Colleague: 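The structure's right below; bear with me while I get my questions together.
First listed ligand is number 1; within each ligand, the first listed atom is number 1. If you read the sequence from its start, that first residue is 1, and numbering goes on from there. Everything numeric in this text was worked out from a predicted model, so none of it was measured. No hydrogens, no waters, no symmetry mates; every other heavy atom, side chains included, goes into these values.
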Amino acid sequence: MSITEADLTLDDIDLSDIEFWAGPRDVREAAFRLLRATPGLPHFEERVIEDSPFPQGPGYRALTRHEDIWYVSRNPKLFCSGQGSNIGDMPQEMNEFFGSMINMDDPKHFRLRSIVSKGFTPKEVNRVEGLVAAKAKEILERVQAQFPDKTCDFVENISAALPLEIICDMMGIPAEDYGRIYGWTNTILGVGDPEYVTSYEDLMTQSLEMFTYAQALGEDRRANPQDDITSVMMAAEVDGDQLTPQEFGSFFILLVVAGNETTRTAISHGMKALTEHPDQRDLLYGDFETHARSAMEEIVRYATPVIHFRRTATEDTEINGTPVKAGEKVVMFYNSGNRDERVFENPDAFDITRPLQPAQVGFGAGGPHFCLGANLARREMTVMFDEIRRSLPSLRITGDPAYLQSAFINGIKRLPCEWD
Ligand code: HEM
């Protein structure tokens with residue numbers, strides 16, 4: 001695609017084209033502005049994945065306006081998740097195997113979420129607060145000791161390390177296995193980027209390895225409970241019912257993947273935005289207590305680490321006047337909802353004082369699947385930026401990011417940084 005913002009038309013926009021996502025970000029933003037301004041819900045064909053064993057699906061409608069995303073997300077009876085939450089279709093067993101509860105509807109979803117939520121109560125999140133602070137401090141001390149010339153890759157050494165080490169620690173994964181978890185996560189969310197995933201088979205092999213690892217961990221903690229959330233989840237009961245090791249294995253994949261790459265992405269984009277907007281950085285660093293809450297929400301809005309999730313219409317219905325047939329796929333583009341000019345004043349500006357309402361949709365737009373780890377992610381981001389402004393306030397991004405090639409995660413693979 002070699003078009004510029006000025007001559008962009010609807011016919012130029014193909015949200016299934018990986019080139020669109022790899023292309024210039026201002027063209028992408030312009031495309032979503034145009035889609036938001038155009039009445040109706042445009043239909044897109046699905047991308048053909050070369051060596052996937054599954055046939056190409058029937059296509060999807062794109063939801064780009066905040067209001068439509070909000071409506072669909074909060075009406076799970078009309079727009080379900082049980083047929084898959086990614087755009088492409090997989091057989092039902094595989095949906096649950098890979099997606100766990102993100103690909104389920106009630107009552108199955110409710111049962112599973114009630115059990116695993118026991119690992120994410122405010123009490124559990126508060127319990128890890130001290131751990132998050134200690135890790136953030138340790139990470140910054142480590143980079144200063146490791147890089148005497150005061151420059152390193154921000155993603156590898158800073159933003160990826162915190163969420164990875166926290167979730168592994170919470171789950172009771174030993175430190176020597178962190179590297180394997182990091183590799184598996186990169187593979188599963190790196191679909192579409194040849195640096196991470198070379199073939200469909202490779203993806204399947206690595207997912208199975210991760211599943212087997214998790215199942216063994218779950219079985220072990222049921223037999224020998226320890227002070228970690230794996231033990232809490234394996235012991236939890238809802239109506240006399242416990243998680244099976246298989247269910248835990250699938251949930252583990254969702255949790256570790258969902259919790260790692262997203263938070264890393266938010267911290268990376270956040271550091272980049274604070275470097276590019278020194279007035280906002282000074283405001284935050286100057287009065288962290290006052291601004292931290294809205295600043296973290298603004299970073300998630302501005303970055304929107306998870307680009308989309310899908311729902312499927314369960315009956316003939318309509319969205320804002322546009323008819324949608326039973327079985328049609330609708331895809332919520334959170335990145336676009338978060339830049340909706342009807343909802344956010346000056347949406348392209350990075351403004352850490354932006355009011356919390358109307359809510360940004362980076363963690364989802366409400367409803368039963370709202371991000372289970374939102375409070376943990378907010379806590380990790382807050383603690384990381386607090387630690388940076390205390391112990392390394394001169395830390396800044398010095399070059400262009402290497403973006404992940406993905407239509408699903410707005411990831412940053414590498415980001416050079418330096419400090420004085
Ligand atoms: C900035 C970081 C994060 C972002 C932007 C993010 C974003 C999201 C989004 C958009 C959803 C789907 C919401 C929906 O369909 O309504 C989601 C679901 C989920 N997230 Fe997060 N997430 C983040 C961090 C985390 C963390 C740290 C964890 C756990 C350690 C986590 C665990 C989950 C789980 C388990 C689900 C599925 C919930 C369900 O289906 O009921 N996320 N997240």
Colleague: Give the residue and atom name of whichever protein heavy atom lies nearest to atom 11 (C) of ligand 1, and the separation in Å to one decimal.
Modeller: Phe309 CE1, 3.7 Å
Colleague: Hey, are Arg301 and Glu297 close enough for a salt bridge, meaning a charged N less than 4.0 Å from a carboxylate O?
Modeller: no
Colleague: Which ligand 1 atoms, with their elements, are less than 4.0 angstrom from a heavy-atom of Thr263?
Modeller: 2 (C), 24 (C), 27 (C)
Colleague: What protein heavy atom sits nearest atom 37 (C) of ligand 1, and how far off is it?
Modeller: Ile102 CD1, 3.6 Å
Colleague: Taking 4.0 angstrom as the limit, do Arg310 and Glu46 come out as a salt bridge?
Modeller: no
Colleague: Which residue and non-hydrogen atom of the protein lie closest to atom 29 (C) of ligand 1, and at what distance in Å?
Modeller: Leu255 CD1, 3.6 Å
Colleague: Could you tell me the residue and atom name of the protein heavy atom closest to atom 5 (C) of ligand 1, and the distance to it rounded to 0.1 Å?
Modeller: Gly362 O, 3.4 Å
Colleague: Find all atoms of ligand 1 within a distance of less than 4.0 Å from any non-hydrogen atom belonging to Tyr334, and give their numbers and elements.
Modeller: 10 (C), 14 (C), 15 (O)
Colleague: Should the pair Asp68-Arg61 be classified as a salt bridge under the 4.0 Å nitrogen-to-oxygen rule?
Modeller: no
Colleague: Any salt bridge linking Arg180 with Glu209? Criterion: basic side-chain nitrogen under 4.0 Å from a carboxylate oxygen.
Modeller: no
Colleague: Leu41 and side-chain contact (heavy atoms from CB on, under 4.5 Å): which single residue from Asn320, Val331, Ile319, Leu35 fits?
Modeller: Ile319
Colleague: Who's closest to atom 35 (C) of ligand 1 heavy-atom-wise, of Leu372, Val361, Ile409, Ile229?
Modeller: Leu372
Colleague: Parallel, tilted or perpendicular for Phe350 and His277, by the 30°/60° rule?
Modeller: tilted
Colleague: One thing to verify: whether Arg25 and Glu29 come together as a salt bridge, which I'm taking to mean a side-chain N less than 4.0 angstrom from a carboxylate O.
Modeller: no
Colleague: Quick check on contacts: which atoms of ligand 1 are under 4.0 angstrom from a heavy atom of Pro368?
Modeller: 41 (O)
Colleague: Identify the protein heavy atom lying closest to atom 26 (C) of ligand 1, giving its residue, its atom name and the separation to 0.1 Å.
Modeller: Gly259 CA, 3.4 Å
Colleague: Once you restrict to heavy atoms under 4.0 Å, what part of Arg113 touches ligand 1? Side chain, backbone, both or neither.
Modeller: side chain
Colleague: Using a 4.0 Å heavy-atom cut-off, which part of Thr262 comes near ligand 1: side chain, backbone, both, or neither?
Modeller: both
Colleague: Please compare Met332, His308, His369 and report which has the shortest non-hydrogen distance to atom 40 (O) of ligand 1.
Modeller: His369
Colleague: Is it the side chain (CB and beyond), the backbone, both or neither of Phe370 that lies under 4.0 Å from ligand 1, heavy atoms counted?
Modeller: backbone
Colleague: Checking salt bridge (charged side-chain N to carboxylate O under 4.0 Å, His left out) against Arg33, which of Asp26, Asp340, Asp348 comes through?
Modeller: Asp348
Colleague: Output the list of atoms in ligand 1 that are nearer than 4.0 Å to some heavy atom of Ile167, sorted by atom number.
Modeller: 30 (C)
Colleague: Under a heavy-atom criterion of less than 4.0 Å, does Arg311 contact ligand 1?
Modeller: yes
Colleague: Return yes when His109 approaches ligand 1 closer than 4.0 angstrom through a heavy atom, no otherwise.
Modeller: yes
Colleague: Looking only at protein heavy atoms, which one is nearest to atom 8 (C) of ligand 1, and how far off is it?
Modeller: Cys371 CB, 3.7 Å
Colleague: Please determine if Asp239 and Arg111 form a salt bridge, counting it only when a charged side-chain N lies under 4.0 Å from a carboxylate O.
Modeller: no
Colleague: What's the separation between atom CZ in Phe251 and atom CZ in Arg113, rounded to the nearest 0.5 Å?
Modeller: 8.5 Å
Colleague: Ring-plane angle category for His109 and His369, please: parallel below 30°, perpendicular beyond 60°, tilted otherwise.
Modeller: tilted
